[in-house]
Amino acid sequence: MILTVTLNTALDLTYRVPRLDVHGSHRVREVTERPGGKGLNVARVLAALGHRTVVTGFAGGGTGQELRRLLAEDTSYRAHDAGFPVEDALLPIAGSTRRTVGVVDESSGDTTQLNEPGPQVGPDEWGTLLAAYGRLLRGEPHDGDRARPLPAPRAVALCGSLPPGVPVGAYAQLIREARAAKIPVLLDTSGEPLRRGLAARPDLVKPNSQELAGITGHTEPLRAARGAQRRGARAVAASLGADGMLVVTPEGTWQAMPPERLSGNPTGAGDSAVAGLLSGLVEGLDWPALLARAVALSAATVRSPAAGEFDRDVYEALLPRIAPTLLATAP
Ligand SMILES: O=P(O)(O)OC[C@@]1(O)O[C@H](CO)[C@@H](O)[C@@H]1O
């Protein structure tokens with residue numbers, strides 16, 4: 001089982017408009033609603049790859065209910081031979097789960113993203129999550145509405161922004177607990193939560209180049225990724241948009257790119273890369289294979305209109321064509 005933690009879950013709305021004018025009024029051509037937040041997208045891709053996956057985090061109010069309903073009804077994993085449904089271990093809170101709005105401009109294919117800050121989380125609610133997380137790590141029954149025993153996770157992913165009220169060192173705390181339980185832990189966040197999380201020594205972090213620059217002050221990706229590794233991560237997988245992904249690890253440094261530029265909706269492409277990395281870690285793949293999988297999944301997500309879903313045909317066609325380049329051997 002793989003556990004993903006999304007403290008700031010979201011009901012992701014995607015609007016398609018013929019053309020986006022910043023100060024204009026628009027007729028929305030199509031609306032889609034998805035259970036989102038980064039860890040939910042990661043979970044959906046892991047499930048489609050055939051990994052049993054459990055999601056935890058907070059869900060509250062009408063939007064939280066809707067998110068959980070959509071999650072329970074989601075059958076995207078069934079499109080693939082080996083798929084499993086994503087299992088819900090979300091915890092109820094008093095505040096309402098946020099919405100995010102992605103506006104796809106059909107004339108250019110570009111997406112503009114608006115993310116609400118998320119609900120206020122009280123100290124008791126955060127305490128409840130910490131206790132439930134500890135139980136999930138130990139494979140004991142958790143506190144979710146649908147409590148039942150689950151196996152202990154083989155890996156944990158901590159994903160996305162923190163909602164108001166959750167301590168800025170939250171991820172650092174969750175990383176320390178996973179490490180104490182000897183469970184590999186991946187962190188995908190930004191800003192101060194990332195800075196503090198790095199110091200707790202996660203096994204892997206997946207920042208993009210902007211997030212890396214924010215933490216290290218370096219804009220050159222290799223230098224910035226090495227800087228993040230020095231700050232505490234065992235390995236750093238930096239997503240570089242069209243330039244693919246760079247991994248700096250104790251075993252060496254590699255970069256991989258998709259064989260051609262793909263256009264489409266990039267929302268969730270980073271989450272699919274996280275799913276590729278995590279599934280590869282659990283399956284014991286070496287770094288080049290893991291990197292190739294992450295880049296292929298990420299590109300296949302750009303080609304799929306909905307966040308957290310990938311086009312399997314594109315993925316399978318791209319994977320054998322991605323050849324990671326060794327940039328440096330281990331020091
Ligand atoms: O505010 P965060 O947590 O950083 O990002 C949230 C979010 O934009 O990221 C996902 C795409 O990666 C969306 O499903 C989601 O709503």
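No experiment lies behind these values; they were computed from the predicted model shown. Note that these values count all heavy atoms, side chains included, but never hydrogens, waters or copies made by symmetry.
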Looking only at heavy atoms, what is the nearest atom pair of Pro18 and Asp105, with distance? O-OD1, 3.6 Å
Taking distance alone, no hydrogens or angles, what donor-acceptor pairs closer than 3.5 Å link side-chain atoms of residues 273-295 to residues at least two apart or in another chain?
unit_1, atom_1, unit_2, atom_2, d
Ser279, OG, Ala275, O, 2.9
Ser279, OG, Gly276, O, 3.0
Ser279, OG, Arg293, NH1, 2.9
Glu283, OE1, Arg293, NH1, 3.3
Glu283, OE1, Arg293, NH2, 2.9
Glu283, OE2, His51, NE2, 2.6
Glu283, OE2, Arg293, NH1, 3.1
Asp286, OD1, Ala289, N, 3.1
Trp287, NE1, Glu251, OE1, 2.7

Got a donor-acceptor contact below 3.5 angstrom from the Arg321 side chain to the Glu260 backbone? no
Just so I know, are the side chains of Arg98 and Ser161 near enough to count as touching, which here means a heavy-atom distance under 4.5 Å? yes
Interatomic spacing from CG in Leu222 to CD in Gln255 - rounded to 0.5 Å: 8.5 Å
Looking only at heavy atoms, the pair that brings Ala233 and Val236 closest together is CB-CG2, 4.1 Å
In Å and rounded to the nearest 0.5 Å, what is the CG to CG distance from Asp74 to Asp88? 12.0 Å
List in chain and number order the residues that pass salt bridge (Lys or Arg N to Asp or Glu O under 4.0 Å) with Arg154, two or more places apart in sequence or in another chain; answer none if no residue qualifies. none
Same apolar cluster: Met257 and Leu212, side chain cutoff 4.5 Å: no
Donor-acceptor list for residues 179-190 side chains, cut-off 3.5 Å, not counting sequence neighbours:
unit_1, atom_1, unit_2, atom_2, d
Arg179, NH1, Arg201, O, 3.2
Thr189, OG1, Gly160, O, 2.9

Using modelled atom types only, decide if a donor and an acceptor are shared between the side chain of Glu211 and the backbone of Asn208 within a distance under 3.5 Å. yes
Hey, quick one: are Leu130 and Leu150 part of the same hydrophobic cluster, counting side-chain heavy atoms closer than 4.5 Å, chains of contacts allowed? yes
Would you give the length of the straight line joining atom CG of Leu7 to atom CZ of Phe58, rounded to the nearest 0.5 angstrom? 6.0 Å
Backbone of Pro117 reached by a side-chain donor or acceptor of Asn8 within 3.5 Å: yes
From Thr4 atom OG1 to Asn41 atom CG, the distance as rounded to the nearest 0.5 Å: 9.5 Å
hydrophobic_cluster_shared for Leu194 and Leu246, side chain cutoff 4.5 Å: no
If you link ILVMFWY side chains whenever their heavy atoms are less than 4.5 Å apart, which other residues fall into the same cluster as Val104? By chain and number, please. none
Can you hop from Leu174 to Leu3 via hydrophobic side chains spaced under 4.5 Å? yes
Closest non-hydrogen atom pair between Ala228 and Thr216, with its separation: N-CG2, 3.7 Å
Would you check if the side chain of Thr6 reaches a backbone N or O of Lys38 as a donor-acceptor pair within less than 3.5 Å? no
Could you tell me whether the side chain of Leu136 reaches within less than 4.5 Å of the side chain of Thr56, counting heavy atoms only? yes
For a quick test of reading the model, state the closest non-hydrogen atom pair linking Met245 to Ser239 and the distance between them. CE-CB, 3.9 Å
Counting N and O atoms only, with roles assigned by atom type, does the side chain of Gln229 sit under 3.5 Å from a partner on the main chain of Arg234, one being a donor and the other an acceptor? yes
Atom of Pro259, atom of Ile322 and distance for their closest heavy-atom approach: CD-CG1, 3.9 Å
Let me check something: do Leu198 and Val248 share a hydrophobic cluster, defined by ILVMFWY side-chain heavy atoms less than 4.5 Å apart, either directly or through other members? no
Heavy atoms from other residues, nucleotides or ligands near CD of Glu116 exceed 12 (cutoff 6.0 Å): yes
With sequence neighbours left out, write down each residue that passes salt bridge (Lys or Arg N to Asp or Glu O under 4.0 Å) with Arg176, or none if nothing qualifies. none
Hey, does Val42 have a side-chain heavy atom less than 4.5 Å from the side chain of Ser272? no
By salt bridge (Lys or Arg N to Asp or Glu O under 4.0 Å) - contacts of Arg29 (at least two apart): Glu106
Can you confirm whether Tyr15 sits close enough to Leu20 that some side-chain heavy atom of one is under 4.5 Å from a side-chain heavy atom of the other? no
Within-4.5 Å side-chain heavy-atom neighbours: Tyr133 and Gln173: no
Could you check Leu129, Thr97, Leu67, Val54 and say which one makes a side chain to side chain contact (heavy atoms under 4.5 Å, CB included) with Leu90? Leu67
Check whether any side-chain heavy atom of Thr253 lies under 4.5 Å from a side-chain heavy atom of Arg226, and answer yes or no. yes
More than 12 heavy atoms of other residues, nucleotides or ligands under 6.0 Å from CZ of Arg138: is that the case? yes
To the nearest 0.5 Å, what is the distance between CD on Glu73 and CG on Leu71? 10.0 Å
For atom CD of Glu33, decide whether the heavy atoms of other residues, nucleotides or ligands shown that lie under 6.0 angstrom number more than 12. yes
Student check: side-chain heavy atoms of Thr32 and Glu30 closer than 4.5 Å: yes
Side chains of Ser304 and Asp311: do they bring a donor and an acceptor to under 3.5 Å? no
Distance from Leu114 atom CG to Thr100 atom OG1, nearest 0.5 Å? 8.5 Å
Stepwise side chain to side chain contact (heavy atoms under 4.5 Å, CB included) test for Leu70 and Leu11: CA-CA 9 Å; Leu70 291 170; Leu11 193 60; 3.8 Å; yes
How far apart are the closest heavy atoms of Pro202 and Gly197, and which atoms are they? CD-O, 3.2 Å
Short side-chain to backbone donor-acceptor contact, Arg223 and Thr219, under 3.5 Å: no
Can you find a heavy atom in the side chain of Leu91 that is under 4.5 Å from one in the side chain of Glu125? no
